[in-house]
Number of protein chains: 2
Amino acid sequence: MRLFARKGYGSTSVADILQEAGVNAGSLYYLYPGKQDVLLDVLDSYLAGIQPMLLAPAWEGVSDPIERVFALLRRYRSALESTDCTYGCPIGSIALELHEPDPPVRARLAANFDAWVDAIEQCFVDAGDRLPPNTDRRALAVFALTTMEGGVMLSRTHRRLDDFDVAVGMLRAHVELLMVRT
Amino acid sequence: MRLFARKGYGSTSVADILQEAGVNAGSLYYLYPGKQDVLLDVLDSYLAGIQPMLLAPAWEGVSDPIERVFALLRRYRSALESTDCTYGCPIGSIALELHEPDPPVRARLAANFDAWVDAIEQCFVDAGDRLPPNTDRRALAVFALTTMEGGVMLSRTHRRLDDFDVAVGMLRAHVELLMVRT
DNA sequence: GTCTATAACCCGATAGAC
DNA sequence: GTCTATCGGGTTATAGAC
């Protein structure tokens, strides 16, 4: 998980994994048919960890549903900040690294995105009548994800937090415009 | 350019390039010191092509500056549509594929993003007083780029246009909310 | 289950003839 | 300038001892 996040899937060799794990080839291939199955396991772990490893820490002490959206985005900001903007979202990185069909991999990437969007959609649902009644809360959640992923991409490229902050700032402006107009 | 867009940089071998170009190794290495220099040249070509190859066709018959923003986004939608959502923005793909520092590559990716944002910023500037006077037009342009890149990422992963359309729809909603409030 | 050694292959890059 | 042939090294995966 650590290696795929830092170097991507293709640039991580099996030898890298063996060294990082302090294990020899025989052990890995005893557990996994091949390298791709390690990735599948990693992606399953991300999915299983969304609630306990991502949302729970991000939302500690934050009960307001709208603020929870931005508290989650702040987690990604912290990841960028603490790595000098070298990595943000590992799912997004692998998603754009994937060029072959690879259905099992893509299905798990999609499941991760879906779970993320589900959680944020629920925040906007919980916001209730603070948003106009006809608000498409699912669409807002998708928009939050595209904003985060796009912001991470630009910040990683420019090696500065600016673009991420600008994108999230615009998202907040949009949500606040919606709320004002209720 | 074609290969890097379809398969990414790492997954494109020099042999692939030679075959696609109908050329032998000696010729390529006579012109380029190595594979990475081919990428640099490709990225320079993208930059040089932004106006004639991307903006000009997108904006043919579209003079309204706000509509030009969405006409450009429609080009990316077409790219997704005509490839069954297998690729969208080649610059974004390479940007997230890049994990080493690689300053010369990153500088060119950044230059491509900057040129894109510059062009869209100019659209929002040209929109003049249709937007509130204190509108941060640069921020709006960055937001348009993150929306496109995030939308492409999700649509590629899900292999459907939905997420791209939702993200762009939200961006349009935001711009229209701004215009209504003038 | 874990080890070491290695098979089989593909990679980027080079040498040297023409 | 372009060709063919190949070098040296890294890749995933496997074989077989323990």
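Note on naming: letters A, B, ... go to the chains in the order of the sequence lines (proteins, then strands), and numbering restarts at 1 for each one.
- Listed in residue order, the members of residues 93-109 of chain B having a heavy atom less than 4.0 Å from DNA chain C come to none.
- Contact check of residues 27-40 of chain A against DNA chain C (heavy atom, cut-off under 4.0 Å) returns Ser27(A), Tyr30(A).
- Ring geometry for Phe143(A) against Phe143(B) counts as tilted: the plane angle lies between 30° and 60°, on a 0 to 90° scale.
- Between Arg68(A) and Glu60(A) there is no salt bridge, since no side-chain N of the basic residue sits under 4.0 Å from a carboxylate O of the acidic one.
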Side-chain donor-acceptor pairs of residues 20-31 of chain A under 3.5 Å, sequence neighbours excluded:
from, atom 1, to, atom 2, distance (Å)
Glu20(A), OE2, Arg2(A), NE, 2.9
Glu20(A), OE2, Arg2(A), NH2, 3.2

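- Side-chain contact check for Ile50(A) versus Leu55(A): some heavy-atom pair is nearer than 4.5 Å.
- Ser11(B) comes within contact range of no nucleotide atom at all, as no heavy-atom separation falls under 4.0 Å.
- Between the OH atom of Tyr9(B) and the P atom of dC11(C) there is a distance of 13 Å, rounded to whole Å.
- In the 5' to 3' direction, nucleotides of DNA chain D lying under 4.0 Å from heavy atoms of chain A begin and end at dT11(D) to dT14(D).
- Applying the salt bridge (charged side-chain N to carboxylate O under 4.0 Å, His left out) test to every pair with at least one member in residues 105-124 of chain B, sequence neighbours left out, gives these pairs: Asp44(B)-Arg108(B), Asp118(B)-Arg138(B), Glu121(B)-Arg138(B).
- In this structure a side-chain-to-backbone donor-acceptor pair under 3.5 Å is missing from His99(A) to Ser11(B).
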Using distance only, find each side-chain donor-acceptor pair of residues 91-98 of chain A under 3.5 Å and give its atom names and separation, not counting sequence neighbours.
from, atom 1, to, atom 2, distance (Å)
Ser93(A), OG, Cys89(A), O, 3.2
Ser93(A), OG, Arg156(A), NH1, 2.9
Glu97(A), OE1, Tyr9(A), N, 3.0
Glu97(A), OE2, Tyr9(A), N, 3.3
Glu97(A), OE2, Gly10(A), N, 2.5

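- Atoms CD1 (Ile17(B)) and P (dA13(C)) sit 10 Å apart, rounded to a whole Å.
- Projected onto DNA chain D by closest heavy-atom contact, Gly26(A) and Asn24(B) fall at different nucleotides, the more 5' of which corresponds to Asn24(B).
- Among the nucleotides dG12(C), dT14(C), dA5(C), the one closest to the side chain of Ser13(B) is dG12(C).
- Without hydrogens or angle criteria, Asp163(B) side chain to Val142(A) main chain gives no donor-acceptor distance under 3.5 Å.
- Without hydrogens or angle criteria, Thr147(A) side chain to Ala167(A) main chain gives no donor-acceptor distance under 3.5 Å.
- In summary, the aromatic rings of Tyr76(B) and Tyr87(B) are positioned with their centroids too far apart to meet the 6.0 Å limit.
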inquiry  = I'd like to know whether Arg160(B) forms a salt bridge (charged side-chain N to carboxylate O under 4.0 Å, His left out) with Glu81(B), so could you lay out the CA-CA distance, the side-chain angles of the two residues, the decisive distance to 0.1 Å, and finally the verdict.
reply    = CA-CA 8 Å; Arg160(B) 52 180 158 83; Glu81(B) 195 177 22; over 6 Å; no
